[in-house]
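Data block below; observations after.
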Amino acid sequence: MFASPKQLNPIADWHKSGEHIELCIAIDIGGSGLRVRICNAINTKEFLDLGHVRAQGTQEAISVFNNLGETLKECIPSFVCKSAALAVAGPISNGRVVLTNWAGEPESRTLVADELPEIIFPRGKTLFLNDLEAGAYGIIAAQESGILEKHFEQMWTHKAPKGKIVSDSRTAVLAMGSGLGVALIVKSDLLESPLVVPTELGHMQIPVVCKNDPTSELEYELVQHVSNHYYGGKQTPEFEDISSGRGLCLAYQFFKLKNESKRIPVEQINAGDVAEAARTGDKTARQALEWHYKIFIRSAKAVATSLTCDSLILALDNQVKNGWFVNAIADVLHDEFYNFIRPDWMNGIRVYTQIETLNFNILGTHYMANK
Ligand code: BGC
């Protein structure tokens, strides 16, 4: 059983005098499982976070949801769920999503809002958000409650003056986890409140350098290796093919093969282990991690210049965990970022990296579940 009655005890105290306990449910669905937050719909400051629970497909997720609904009913018979929001990876269309961070055939990784258990997902009041869309709302929520600044540090301050993290025009939020997500926060005098636009820009194909670039040879070899793996060597890979958990594993496979002529099956490589090996000085792991971040910064550059953003937020707990490495290769990333065919377009773009952990996705999902 996922949620134990004891775990749900605090909810019963939320408003003892009332007849009903009105709840909102916020769920962040990641590659390895779900994070569930139960919120008091009357006093949105009150909420309960249940731990991480494994779910890597439709059936597993539905049984967690059923279990949660049943346990809530058993412990708090008078509860009513007013609304719910779920953060999911992948494009959402008409209340349906095929999650990109679960493995298997599309039908075993599809969620449909109207097919979720109604007891916690009320019809017409259950919202799917793209995970980065949720993350962007989380940034807005953190800003509203005055806790945003301490979670980020501006990179390359000698290149861009200090300014607002969420700019008054366009800000892109990027996160590299099991996938590469990007969302846009648009502010304008024409809008009453900031508009969040989910995007699928992590799936753009990588703009590769030309022959005279100093590391072009290595880049071509890496890109070819990735293309061989996914596209029969014919098409240019997408940013996410290198800048994601699976991307780091494939980059590690490439450098291991190049350095030691050893081919490790990619299924036997773990992204967390590669990052850890880099920390202990393993050369191959460091090379893989460097290209993983270099391509990430290249995607940030493409997003900022094409969508004319003046602020870029590199978010996610991975960014915090690997902060030591981001600092160690700050010059490489700087050169990658500012190496652009229209250098004047790069002036003044502020880049922020997350330095303190906080799950912005669940924060934003909570924020939107109550709207
Ligand atoms: C998905 C995006 C998602 C990103 C981060 C990508 O594979 O297509 O929708 O935002 O991963 O999870």
Side-chain angles (χ1 to χ4, degrees), residues 26-35 52 55-58 61 85-106 108-113 127-140 171-185 196-206 226 229-231 235-251 271-272 292-293 295-300 302-303 307 309 312-322 354 358-365 368:
I27 298 182
D28 175 29
I29 307 188
S32 59
L34 319 175
R35 287 189 190 278
H52 177 268
Q56 296 178 335
T58 312
L86 301 96
V88 293
I92 299 158
S93 168
N94 297 324
R96 169 187 290 267
V97 60
V98 181
L99 283 96
T100 52
N101 54 3
W102 285 343
E105 293 304 312
S108 64
R109 49 190 177 88
T110 297
L111 290 177
V112 180
L127 176 71
F128 278 172
L129 296 162
N130 174 262
D131 52 0
L132 256 290
E133 182 183 15
Y137 279 118
I139 299 275
I140 293 170
T171 304
V173 185
L174 295 94
M176 182 165 64
S178 45
L180 173 55
V182 184
L184 199 63
I185 303 175
V196 173
V197 184
T199 82
E200 289 296 339
L201 293 169
H203 297 293
M204 277 195 300
Q205 288 176 288
I206 303 171
V226 175
H229 184 85
Y230 288 115
Y231 313 112
Q235 284 157 310
T236 319
E238 58 184 26
F239 286 119
E240 185 182 289
D241 287 335
I242 297 179
S243 300
S244 62
R246 64 182 170 85
L248 180 57
C249 297
L250 198 52
H292 171 76
Y293 273 100
I295 298 300
F296 183 35
I297 285 292
R298 195 173 297 177
S299 76
V303 168
L307 298 175
C309 299
L312 288 175
I313 301 179
L314 311 181
L316 214 69
D317 290 355
N318 282 344
Q319 193 70 18
V320 181
K321 242 184 271 163
N322 294 331
Q354 192 173 338
L358 180 70
N359 184 336
F360 285 99
N361 288 4
I362 199 80
L363 193 62
T365 311
M368 291 307 285

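By convention here, the first residue in the shown sequence is residue 1. In each ligand, atom 1 is the first atom listed, and ligand 1 is the first ligand listed.
At a 4.0 Å heavy-atom cut-off, ligand 1 touches N130 through the side chain alone.
Every atom of ligand 1 with a heavy atom of A89 under 4.0 Å away is listed here by number and element: 9 (O), 12 (O). For ligand 1, the atoms lying closer than 4.0 Å to a non-hydrogen atom of G179 are 5 (C), 11 (O). Counting atoms of ligand 1 from 1 in the listed order, those under 4.0 Å from a heavy atom of G181 are 4 (C), 5 (C), 10 (O).
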| What's the verdict on side chain to side chain contact (heavy atoms under 4.5 Å, CB included) for I29 and I27, showing C-alpha distance, side-chain angles and the deciding distance? | CA-CA 6 Å; I29 307 188; I27 298 182; 3.9 Å; yes
| query | What's the verdict on side chain to side chain contact (heavy atoms under 4.5 Å, CB included) for W102 and L111, showing C-alpha distance, side-chain angles and the deciding distance? | reply | CA-CA 11 Å; W102 285 343; L111 290 177; 4.3 Å; yes
| task | Evaluate side-chain hydrogen bond (donor to acceptor under 3.5 Å, both in side chains) for Y293 paired with R298, printing each intermediate quantity in order. | result | CA-CA 8 Å; Y293 273 100; R298 195 173 297 177; over 6 Å; no
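With no hydrogens or angles considered, no side-chain donor-acceptor pair links T100 and H203 at under 3.5 Å.
Among all non-hydrogen protein atoms, the one lying nearest atom 1 (C) of ligand 1 is T100 OG1, 3.2 Å. Scanning all protein heavy atoms for the shortest distance to atom 5 (C) of ligand 1 gives D131 OD2, 3.4 Å.
Atoms CD1 and NE2, from I242 and H292 in turn, are 10.5 Å apart once rounded to the nearest 0.5 Å.
By the 3.5 Å distance cut-off applied to N or O atoms, G90 is counted among the residues near ligand 1.
Between E133, E200, E240, R246, it is E200 that holds the heavy atom closest to atom 2 (C) of ligand 1.
The residue from T171, L184, I185 that alone fulfils the side-chain contact (heavy atoms from CB on, under 4.5 Å) condition with C309 is L184.
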